[in-house]
Amino acid sequence: MKIKLPDGNIKEYDSAVTPGQIAKEISEGLYRNAAGAIVNNQLWDLERPIDFDCELRIIKLTDPETVDIYRHTMSHIMAQAVMRVYGADKVKFGIGPTIENGFYYDFDIEGVKIAEEDLPKIEEEMKNIIKEDHKIERFEMKKAEAIEFMKQRGQIYKIELIEDIPDEKVSFYKQGDFVDLCRGPHLPSTGRVKYFKLLSVSGAYWRGNEKNPMLQRIYGTAFAKKEELDEYLKMIEEAKKRDHRKLGPQLELFFINTDVAAGMPIFLPYGITVLNQLMTLSRELHKKYGYTEVGTPLIMHEKLWRQSGHWDHYKNNMYFTEKEDVTYAVKPMNCPGHMLIYKNKPVSYRELPMRLFEFGRVHRYERGGVLHGLLRVRTFTQDDAHIFCREDQMVDEVSNIVRFINELYGVFGFSYRATLSTMPEDHMGEEVAWAKATETLKNALEKMNVPYEIAEGEGAFYGPKIDFHVRDVLGREWQCATVQMDFQMPERFELTYKDSDGSERRPVMIHRALYGSIERFFGILIEHFAGAFPTWLAPVQAAVLPVSEKFIDYARQVASKLDAEGIRVEVDDKNETLGYRIRENQMKKVPYMIIVGEKESEQSLISVRTREGKDIQGIQLDQFTQKIKSEISTRLIKSSLE
RNA sequence: GCCAACGUAGCUCAGUCGGCUAGAGCGGCUGAUUUGUAAUCAGCAGGUUGAGGGUUCAAGUCCCUCCGUUGGCUCCA
């Protein structure tokens, strides 16, 4: 058989050969560093024989492709350690896959509850296993044998997994006293990767189903290099420091009274200032992209929600209120309200596309355990719009939305990743219509040169959708914008328009939100900027600090001039030293501090200290005003005085 | 909702084996100081130890129930 190497060389063999042997033939050095191979685009064990023609590439521990291999091996090492610590007869193993940034393993341990304090001793045992450097060997078994094998060991979850595998044979990996059902591949031995850390413990249902028993999950991470691990741990620390739940109350943006309004943030003056800026930007752009703003009631008669289908499909997440024997629903979505607006008068094809936009405050009941600061709440404001159009306008409409998103996210310096979700098993409407709508979304994405991934079967029950995930400064992703085709609403509400030939036709409806939830987007921004908002968003844009009491009058004059120019300014004339007040405003992350004392007041000048610590002495107030005004109106992210 | 950990002053935290009147720093208030680029000094106030129940001569500490928070599971903006 022939094996083609990346440099184009072809090696011929009479009998099965392992990537390890091939590596050795090329050079000892390569063999020493080899961690696995890629065989016909598939990850492969270093010591697993190949007996077919293929293309082969040896990969080293530090190659990006190897990440999943060594993390997976690390999850086995952890499982082995847990087995040793708690006893082989007590531990039943669930699954132990790699995930983004790490791995986990689920265990069912008889009579033991693992706490975070137990992690160090598991880590110790893992270090032992690494030091012992066990060879990791792959072997196969027929399914029936494998089930018997696991039965003897009392591994009930593994038996269930084996039963679900369609192949006749299943593969196992053995390292010392530990054997696990596993697809692999793995490193050649346990001593090959050293840099890891166990991060947290949590509960997780077997196979993610809450009817199944709950297993104990341990999360961990591993890297090929120490620096990479350190960097990742530092990133976690940094994320903790930026946590909007900490910064929000600290910067007086919002707080949550969990006693009377869990999941319903209360916004303070500074927080509302930021939200208003976000809404102003949104309104500007909605106007530019041809939307009309509307407003619909917070509570409406139950019959509207029966007609829309929410009663059947969404009732568990809705709040209700009652008066004089009539039940009203607090809106969880804005679509039914917009339906009423569309139906308010007959629509001509000339009026399409009709783009209705609303800052719609919605309430959705979420279970207590999922609430999380501003990111997961029970009430929020959507920048919601519904576009009604003819079928032939759909590609243009979706393209228009993509342009809108590019401009909106560009303001914050966010890049994004798009996913196209297709028809789920449980869906409404005909498959032909689904295929057509999905095709439309694809065309629009391709027309706009937006790369995307397909999420098979992840669409809403009423239509396919595109989700946009923004990537923040720490590389974390947040799902924000969503564009959904809806086949159900126009049917349920019998929407029509009069076409050019006089016939009544049904419009297509697109549902979309760009920030998603304004409050949630705010939360993301707090973490993205670590509370140091760009000047246009900052609650206080400039603080004027008189050097001493004598210069308070001059400070007030300066402030009132800035205020007259529309700049959000505060005078800090607190009876404290200048150093103290600088520190305080620095911690409030005010972009500019204006310091005025004897020099400045005598010559009608100001001195400016930027948030970045830059100090500019004795400049004209007008000069500063012009700079900051243009920085604000162009919504610059970086200070223009840097 | 489920699993685990946690809940002490506005914030961050201490409080030993159950044992005197629950402490500190920051913040707040009052006064002194009049300050030139990241914390001036002094004094004062501030607590139903998340709520309720139990064990005990005695509970912040031990037990039970509830509420909430955090990390996950499920769902999603």
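Letters A, B, ... are given to chains in the order of the sequence lines, protein chains preceding strands, and every chain is numbered from 1. What you see below is based on every heavy atom in this structure, not just the backbone, and it leaves out hydrogens, waters and symmetry mates.
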For [N], take OP1 and OP2 only and decide whether either is under 4.0 Å from a side-chain N or O of [X].
X	N	value
A:T577	B:U40	yes
A:R581	B:A39	no
A:H372	B:G71	yes
A:R245	B:G71	yes
A:Y580	B:U34	no

How many Å lie between [atom1] on [X] and [atom2] on [N], as a whole number?
X	N	atom1	atom2	value
A:Y515	B:A77	OH	P	19 Å
A:D106	B:C73	CG	C1'	9 Å
A:F551	B:U37	CZ	C1'	15 Å
A:E576	B:U30	CD	P	12 Å
A:R583	B:A38	CZ	P	11 Å
A:K588	B:A39	NZ	C1'	16 Å
A:L119	B:A4	CG	P	15 Å
A:E549	B:A32	CD	P	10 Å

Is any N or O donor-acceptor pair between the side chain of [X] and the base of [N] shorter than 3.5 Å?
X	N	answer
A:R364	B:C75	no
A:R609	B:A38	yes
A:E366	B:A77	yes
A:Y205	B:G1	yes
A:R367	B:C75	no
A:E600	B:G36	yes
A:Q617	B:U37	yes

Inset, instruction - May I ask you to say what A:L545 touches in the nucleic acid, namely base, sugar-phosphate or nothing, with a heavy-atom cut-off under 4.0 Å? - result: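 Answer is nothing: A:L545 stays at 4.0 Å or more from every strand.
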Inset, instruction - Please report the C-alpha distance between A:Y105 and A:F107 in whole Å, then the side-chain angles of each, then the deciding distance to 0.1 Å, and finally whether the ring pair (Phe, Tyr, Trp, His ring centres under 6.0 Å) criterion is met. - result: CA-CA 7 Å; A:Y105 211 116; A:F107 309 98; 5.1 Å; yes
Legend entry - A:E453 side, atom CD; A:D467 side, atom CG - distance, nearest 0.5 Å: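 Separation between the atoms: 11.5 Å.
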Inset, instruction - Please determine, for the side chain of A:K550, which listed nucleotide (B:A77, B:U34, B:G71) has the closest atom? - result: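 Nearest to the side chain of A:K550 among the choices is B:U34.
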Legend entry - Watson-Crick and G-U pairing of RNA chain B, under 3.5 Å, as dot-bracket with | and [ ]: (((((((..((((.....[...)))).(((((.......))))).....(((((..]....))))))))))))....
Inset, instruction - Answer yes or no: are there more than 12 heavy-atom neighbours, outside A:K589 itself, under 6.0 Å from its atom NZ? - result: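 Yes, NZ of A:K589 has more than 12 neighbouring heavy atoms, counting only those of other groups under 6.0 Å.
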Inset, instruction - May I ask whether A:F380 stacks on the base of B:A77, given the cut-offs of 5.5 Å between ring centres and 30° between planes? - result: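 The base of B:A77 is stacked with A:F380 (centres under 5.5 Å, planes under 30°).
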Legend entry - Between A:Y462 and A:H511, ring centroids under 6.0 Å: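 That pair fails the under 6.0 Å test.
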Inset, instruction - Test A:Y592 against every option in A:E631, A:R611, A:R609 by the side-chain hydrogen bond (donor to acceptor under 3.5 Å, both in side chains) rule and name the one that passes. - result: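 Option passing the side-chain hydrogen bond (donor to acceptor under 3.5 Å, both in side chains) with A:Y592: A:E631.
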Roughly how far apart, to the nearest Å, are [N] and [M] at atom [atom1]?
N	M	atom1	value
B:U30	B:G46	C1'	14 Å
B:G25	B:U69	C1'	24 Å
B:U49	B:U61	C1'	10 Å
B:G23	B:G31	C1'	26 Å
B:G71	B:C29	P	33 Å

Inset, instruction - Could you say whether A:N209 or A:R378 is positioned toward the 5' end of RNA chain B, judged by the nucleotide with the nearest heavy atom to each? - result: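 Result of the comparison: A:N209.
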Legend entry - 5' precedence on RNA chain B between A:I595 and A:K246 (nearest-nucleotide basis):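 Result of the comparison: A:K246.
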Legend entry - For A:F412, the option from A:I524, A:V470, A:L537 that meets side chain to side chain contact (heavy atoms under 4.5 Å, CB included):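 Option passing the side chain to side chain contact (heavy atoms under 4.5 Å, CB included) with A:F412: A:L537.
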Inset, instruction - Mark yes or no for whether A:D108, through its side chain, and A:K92, through its backbone, hold a donor-acceptor pair below 3.5 Å. - result: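 No; judged by distance alone, with no hydrogens or angles, the pair does not exist.
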Legend entry - Validation row: A:Y289, A:F357 side chains within 4.5 angstrom (heavy atoms):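 No - every pair of side-chain heavy atoms lies 4.5 Å or more apart.
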Inset, instruction - Considering only NZ, NE, NH1 and NH2 on the basic side and carboxylate oxygens on the acidic side, decide whether A:R355 and A:E397 come within less than 4.0 Å. - result: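 Salt bridge: yes.
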